[in-house]
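Just so we're on the same page: letters track the sequence lines, and every chain starts at 1. Model, not experiment: these values are computed from the prediction. What's counted below: heavy atoms across the whole structure, side chains too, no hydrogens, waters or symmetry copies.
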Amino acid sequence: MSIYDTLNPPQREAVAQTEGPVLILAGAGSGKTRVLTHRIAYLMDEKGVNPWNILAITFTNKAAQEMRERVDKLVGFGSESIWVSTFHSACVRILRRHIDNLGYDTNFTIYDTDDQKSLMKDVCRKMNIDTKIYKERSLLAQISHAKDELLTPDDMEMKAAGDYNMKKVASVYREYQAALRKNNALDFDDLIVKTVELFEKCGAVLEYYQERFKYIMVDEYQDTNTAQFKFISLLAQRYQNLCVVGDDDQSIYKFRGANIGNILGFEHVFPDARVIRLEQNYRSTRNILNAANQVIANNTERKAKTLWTENEEGSKVHFRQFLNAYEEAEYVAGEIGKLKRNGLGNYRDCAILYRTNAQSRIFEEKFIAANIPYKLVGGVNFYARKEIKDLLCYLKTINNARDDLAVQRIINVPKRGIGATTLGRVQDYADNMGISLYEALRVAEEVPSIGRSLSKIDGFVTFIQMLKSKADVMTVEEILQEVIDSTGYVAELEAEDTEESRARIENIDELISKTVAYQEAMEEQNQSATLSGFLEEVALVADIDTVDPDQDYVLLMTLHSAKGLEFPKVFMVGMEDGIFPSHMTISYGDDGEMEEERRLCYVGITRAMKDLTLTCAQQRMIRGETQYNRVSRFVREIPRELVDLGHTIQEKKPKVEELIPTPAKYSKMKEILQGRNYKPREFKVTKANSLDYEVGDTVRHIKFGVGIVKEIVEGGRDYEVTVEFDKVGVKKMFASFAKLKKI
DNA sequence: AGTCACGGTGTTTTT
DNA sequence: CACCGTGACT
């Protein structure tokens with residue numbers, strides 16, 4: 001009995017077809033991850049392919065990690081030398097080695113959306129562009145779209161022809177790229193674009209990676225854009241062993257440049273491609289799957305297919321309408337509470353899916369009130385918090401002093417008395433001399449009319465220089481700690497002593513833990529932990545990557561974030577025309593956009609394994625005004641016989657004071673929620689109450705093997721444990737990361 | 001230099 | 001509603 005016997009015939013075919021281009025059309029829940037992992041195992045076990053020669057692209061880091069684990073279970077060796085990563089991480093890894101060929105330093109900075117916006121602001125100011133007419137947001141959006149399509153500023157200008165507006169955008173694009181280059185920075189889209197550029201410019205580099213990646217697999221292929229496709233096809237050109245897996249019905253990222261033509265036209269680009277369809281669903285009950293099939297059947301732009309399942313019929317799809325959003329949320333919280341109390345399931349079995357992030361708030365409120373642990377995925381990123389960004393900008397400055405944006409942010413944080421006027425003068429000087437802001441600061445005595453600020457600037461420069469010189473010998477954690485100590489950042493917050501400042505300190509502690517976790521992860525993979533490595537990881541994590549399947553909490557997230565996941569019990573909330581499908585699509589969208597919304601609905605429905613509940617409200621507050629929405633058209637597309645309507649409208653007749661929160665109640669809730677912004681959002685116990693081992697015990701570490709506990713020091717957030725290992729000597733580690741087992 | 005209050009504006013979705 | 005940027009004031 002081999003591991004491949006558990007696969008169905010088309011799955012087995014997909015696994016065994018290792019040579020040449022392969023397109024796997026994998027319906028929702030048809031076991032595509034199983035196919036991919038078994039295929040990798042097959043390549044290694046049966047075909048003797050060196051894992052070093054395999055590249056697998058996944059959509060999130062979390063998926064990458066899971067895939068690695070599952071391959072490990074199948075083959076038990078060698079999975080660490082497979083490249084499993086997202087497009088972005090793979091490109092960064094390549095660029096870190098070779099981007100000097102394009103005239104950047106290999107320690108380039110990665111700009112997030114905030115950084116892009118401030119850079120664009122600078123660019124507009126310099127170009128005298130009225131940001132009332134040309135909004136930074138929209139300029140960036142247009143540039144991003146151009147990059148998705150691999151269009152350069154020149155291309156854009158040519159395309160513009162007589163179009164004045166587009167010409168203007170093209171010139172902004174050009175300046176924006178120049179500014180990025182000056183700061184030795186890349187934005188998200190550049191990561192892909194520059195890698196393609198590198199491949200096209202340097203034949204030797206491309207050849208190296210073509211030789212290296214003899215077997216390439218791409219997951220969620222329907223959501224790749226033109227640039228990503230180019231990246232992949234360049235790599236696969238030589239050996240043509242390219243296997244892509246996707247489902248055109250789950251393409252939901254058109255707004256971000258995903259090119260559905262990549263999947264629909266695959267056979268055209270690779271004429272000898274083998275096409276394999278996986279249509280048996282193993283995930284959902286028959287009722288849920290039928291509902292999904294019926295909804296998606298309303299789309300015309302698709303490869304026709306019908307998923308089927310041998311699973312049981314299951315309960316009907318529940319639909320409930322409420323008077324308002326409060327009651328909707330209360331019902332959901334109630335149902336989940338009931339489930340847990342009756343021992344019919346855990347919190348982690350449940351997911352709340354909504355169209356927009358703004359909808360999460362009210363569920364958080366009700367979950368807090370009902371004492372239900374939850375984790376919010378998405379929304380405001382941890383790394384976007386002020387205190388975190390400040391500290392990261394110190395690290396960025398130390399790592400890449402050409403990053404003017406980072407220098408600008410921290411030069412007066414904490415207050416050093418270097419104000420806007422002084423900074424403006426230095427910036428002007430830098431611009432005139434064609435040097436970076438930081439270089440100008442280093443020679444500040446040559447900047448005219450600086451006056452008294454000179455000594456303050458000198459202090460700052462000395463401080464950064466000191467850190468730069470130490471950076472090579474210190475760990476990331478030590479550098480961060482040094483920044484915190486020398487700037488007095490935390491000390492200042494401690495002195496403030498408010499609810500908010502305490503929460504900020506907690507966040508900083510968490511950042512410290514993240515540096516430690518990073519160092520340990522690198523150690524485990526036998527790689528060295530570097531500052532730029534850490535900054536890169538920080539830039540590329542998605543919130544979904546931090547979901548811990550061992551924690552028992554309800555997940556709250558957008559339908560987009562839910563892609564690729566599955567849950568026994570799913571609540572799709574806010575099922576109203578104007579919310580989902582969105583107001584934008586209904587009023588301004590074309591058929592294509594409506595079909596994309598419908599695919600999003602299909603994705604949502606097919607996340608559910610056993611139980612699906614759709615809810616909506618008759619009345620809801622949006623941006624300060626009350627809206628009255630009809631039931632979503634998607635709900636009406638599900639045949640009646642598959643739906644359990646309950647009592648059509650939930651006539652709970654709430655007491656007035658329940659419906660409208662009293663001011664006192666309201667402000668209390670607000671306090672809780674604002675506090676939540678600063679406390680870790682999940683109900684995660686970072687620090688165990690006690691450890692199940694003590695000094696003198698023999699323990700096992702997943703990587704280091706067996707050792708004896710020498711010392712346990714209780715820190716604020718965690719225990720620091722010192723262990724003397726038989727093989728690798730004495731190591732210090734944090735208990736919650738090390739997962740030591742007493743033996 | 002830094003803080004506060006006001007008014008205008010706007011988000012669908014994200015690596 | 002909530003955020004951001006601007007402008008006046010300390």
To the nearest angstrom, the CD-C1' distance between A:Gln627 and C:dC1 comes to 13 Å

Contact check, side chains of A:Ile252 and A:His560, non-hydrogen atoms, under 4.5 Å: yes

Kindly say if A:Arg137 contacts the phosphate of B:dT11, meaning a side-chain N or O under 4.0 Å from OP1 or OP2. yes

Within the structure shown, what part of the strands sits under 4.0 Å from A:Thr558 by heavy-atom distance: base, sugar-phosphate, or nothing? sugar-phosphate

Rounded to whole angstrom units, what separation is found between the CD atom of A:Glu136 and the P atom of C:dC4? 13 Å

With sugar-phosphate meaning primed atoms plus P, OP1 and OP2, does A:Glu596 contact a base, only sugar-phosphate, or nothing at under 4.0 Å between heavy atoms? nothing

Could you please name the option among B:dA1, B:dT15, B:dT14 that lies closest to any side-chain atom of A:Ser561? B:dT14

Between C:dC1 (C1') and A:Glu365 (CD): distance, integer Å: 13 Å

Rounded distance in Å - CG (A:Asp114) to P (C:dC3): 14 Å

Nearest listed nucleotide, side chain of A:Ala542, among B:dT15, B:dT13, B:dT14: B:dT15

A:Phe188 ring over B:dT15 six-membered base ring, under 5.5 Å and 30°: yes

Whole-Å distance separating the CZ atom of A:Phe59 from the P atom of B:dT15: 7 Å

Using the P atom in both, what is the distance from B:dT13 to C:dC4, to the nearest Å? 15 Å

By nearest nucleotide on DNA chain B, pick out whichever of A:Ile418 and A:Leu540 is the more 5' one. A:Ile418

Under a 3.5 Å cutoff, is there a donor and acceptor pairing between the side chains of A:Tyr602 and A:Gln250? no

Looking at every strand, decide which applies to A:Tyr253 at a 4.0 Å heavy-atom threshold: base, sugar-phosphate, or nothing. sugar-phosphate

Is a donor from one side chain sitting under 3.5 angstrom from an acceptor on the other, for A:Ser532 and A:Asn107? no

Rounded to whole Å, how long is the line connecting atom CZ of A:Arg623 with atom C1' of B:dG8? 13 Å

When you measure from the side chain of A:Arg68 to the backbone of A:Ala64, do you find a donor-acceptor pair of N or O atoms at a distance under 3.5 Å? no

Interatomic distance where CG belongs to A:Asn412 and P belongs to B:dG2 [whole Å]: 5 Å

With a cut-off of less than 4.0 Å, is there a side-chain N or O of A:Lys121 near OP1 or OP2 of C:dG5? yes

In whole Å, what is the span from the NZ atom of A:Lys147 to the P atom of B:dT15? 18 Å

How about A:Thr585 and A:Glu593: does a side-chain donor come under 3.5 Å of a side-chain acceptor? no

Need one value for A:Lys117: base, sugar-phosphate or nothing, where a base atom within 4.0 Å counts as base even if backbone is also close, heavy atoms only. nothing

Between A:Thr421 and A:Lys132, whichever has its closest DNA chain B nucleotide further toward 5' is A:Thr421

Spell out, as yes or no, whether a donor-acceptor pair under 3.5 Å connects the side chain of A:Arg256 to the backbone of A:Asp148. no

Can you identify which nucleotide, out of B:dT14, B:dG10, C:dC1, has its nearest atom closest to the A:Lys135 side chain? B:dG10

Below the 4.0 Å mark, does B:dT13 have OP1 or OP2 next to a side-chain nitrogen or oxygen of A:Asn357? yes

